[in-house]
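Please read the structure below before turning to the comments.
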Amino acid sequence: MTEKLEHCFVSLLEEHQNILHKICSLYTEDNETHKDLFQEMTIQLWQSFPKFKGDSKFSIWAYRVCLNTAISLYRHNKKNIVTVEWDTSLYQLRHEEYNPEHEERLKVLYASVRQLNDIEKALVYMYLENKDYEEIAITLGISEGNTRVKMNRIKTKLKNILNKQGGL
């Protein structure tokens, strides 16, 4: 790949890395697994980047690739993620630590969301990111009406989970 393409990818990844961190927080419970999943999603984005045509926003495309990566890895209950060597000499990413321990409420919310199934987790994540139903539907490949119905059911389910845990 060309240096220009690499630079473009790194720039977009730096700008949108919180997407990856938040998805990692939904699908992992410890820092090491978080880092492994972050690396795997980065690799998947990099390998898919030449196919990104810009028909949609980079963030929508990144959500789709990263959520599919997380769901695929954890649907099969894989504890160890196979990683490949990443040539860090090309670029050093500015890394912003995402530390969910800073806010107890966030930990309680993530613990509750982890009890949902994979698709429900993805819906909640995108909803919490203030994505509209149309964008969520496009990203997840379901209808907008189905997205609304699923989200209403998930809200009820989360309220029940939170009530059992003592709430936020």
- [ ] Might you confirm whether atom NZ of Lys57 has over 12 heavy atoms from other residues, nucleotides or ligands at distances under 6.0 Å?
- [x] no

Open item on the list: What's the separation between atom CG in Leu37 and atom CD in Gln44, rounded to the nearest 0.5 Å?
Closed with: 10.5 Å

- [ ] May I ask you to decide if Thr28's main-chain N or O and Arg114's side chain share a donor-acceptor pair within less than 3.5 Å?
- [x] yes

Task: Test item: Thr156 side-chain N/O and Asn152 main-chain N/O as donor-acceptor pair under 3.5 Å - done: yes

Task: Lys121 to Val113 - nearest heavy-atom pair and separation - done: CG-O, 3.5 Å

TODO: Would you please test Phe9 and Leu5 for side chain to side chain contact (heavy atoms under 4.5 Å, CB included) and show each step?
DONE: CA-CA 6 Å; Phe9 174 77; Leu5 189 63; 5.8 Å; no

- [ ] Please examine the side chains of Leu45 and Phe49, heavy atoms only from C-beta on, and report whether any two atoms are closer than 4.5 Å.
- [x] no

- [ ] Find out whether Leu128 and Leu109 are in side-chain contact, i.e. whether some heavy atom of one side chain is under 4.5 Å from a heavy atom of the other.
- [x] yes

Open item on the list: Can you tell me if Tyr127 has over 12 outside heavy atoms packed within less than 6.0 Å of its OH?
Closed with: no

Task: Any side-chain heavy-atom pair of Lys35 and Glu32 under 4.5 Å - done: yes

Open item on the list: Side chains of Leu116 and Lys157, heavy atoms from C-beta outward: is any pair under 4.5 Å?
Closed with: yes

- [ ] Find out whether Trp46 and Glu6 are in side-chain contact, i.e. whether some heavy atom of one side chain is under 4.5 Å from a heavy atom of the other.
- [x] yes

Open item on the list: Are Met126 and Tyr110 linked, directly or through intermediate hydrophobic residues, by side-chain heavy-atom contacts shorter than 4.5 Å (ILVMFWY only)?
Closed with: yes

Open item on the list: Using a 3.5 Å distance criterion without hydrogens, assess whether the side chain of Tyr27 forms a donor-acceptor pair with backbone atoms of Asp118.
Closed with: yes

Task: Tyr125 vs Tyr63, ring-ring contact (aromatic ring centres under 6.0 Å, His included): CA-CA, chis, key distance, verdict - done: CA-CA 10 Å; Tyr125 167 68; Tyr63 280 123; 5.6 Å; yes

Open item on the list: Within this structure, what is the CD-SG distance for the pair Glu3 and Cys8, rounded to the nearest 0.5 Å?
Closed with: 13.0 Å

Task: side chain to side chain contact (heavy atoms under 4.5 Å, CB included) between Asp132 and Ile136, intermediate numbers included - done: CA-CA 6 Å; Asp132 61 35; Ile136 294 170; over 6 Å; no

TODO: Say whether Phe52 and Ile23 are linked into one hydrophobic cluster, either directly or through other cluster members, by side-chain heavy-atom distances under 4.5 angstrom.
DONE: yes

- [ ] Hey, could you give me the SG/CD distance between Cys24 and Gln17, rounded to the nearest 0.5 Å?
- [x] 11.0 Å

TODO: Drop me the distance from Thr69's OG1 to Phe38's CZ, to the nearest 0.5 angstrom.
DONE: 12.5 Å

- [ ] Verify the distance criterion only: is there a donor paired with an acceptor across the side chains of Asp36 and Thr33 at less than 3.5 Å?
- [x] no

TODO: Return yes when atom NZ of Lys150 has more than 12 non-hydrogen atoms of other residues, nucleotides or ligands closer than 6.0 Å, and no otherwise.
DONE: no

Task: Straight-line distance of Ile71 CD1 to Leu26 CG, nearest 0.5 Å - done: 10.0 Å

For residues 140-148, tabulate all N or O donor-acceptor pairs below 3.5 Å that involve a side-chain atom, not counting sequence neighbours.
unit_1	atom_1	unit_2	atom_2	d
Ser143	OG	Asn146	N	3.0
Glu144	OE2	Arg148	NH2	3.1
Thr147	OG1	Ser143	O	2.8

TODO: Enter the distance from Glu129:CD to Thr139:OG1 here, rounded to the nearest 0.5 Å.
DONE: 11.5 Å

Open item on the list: Count I, L, V, M, F, W, Y as connected when their side-chain heavy atoms are under 4.5 Å apart, and connections chain through other members. Are Leu20 and Leu12 then in the same cluster?
Closed with: yes

Open item on the list: Between Ser25 and His21 (side chain of the first, backbone of the second, donor and acceptor by atom type, cut-off under 3.5 Å), is there such a pair?
Closed with: yes

Open item on the list: Asn117: which residues meet the side-chain contact (heavy atoms from CB on, under 4.5 Å) condition with it, sequence neighbours left out?
Closed with: Ile119, Glu120

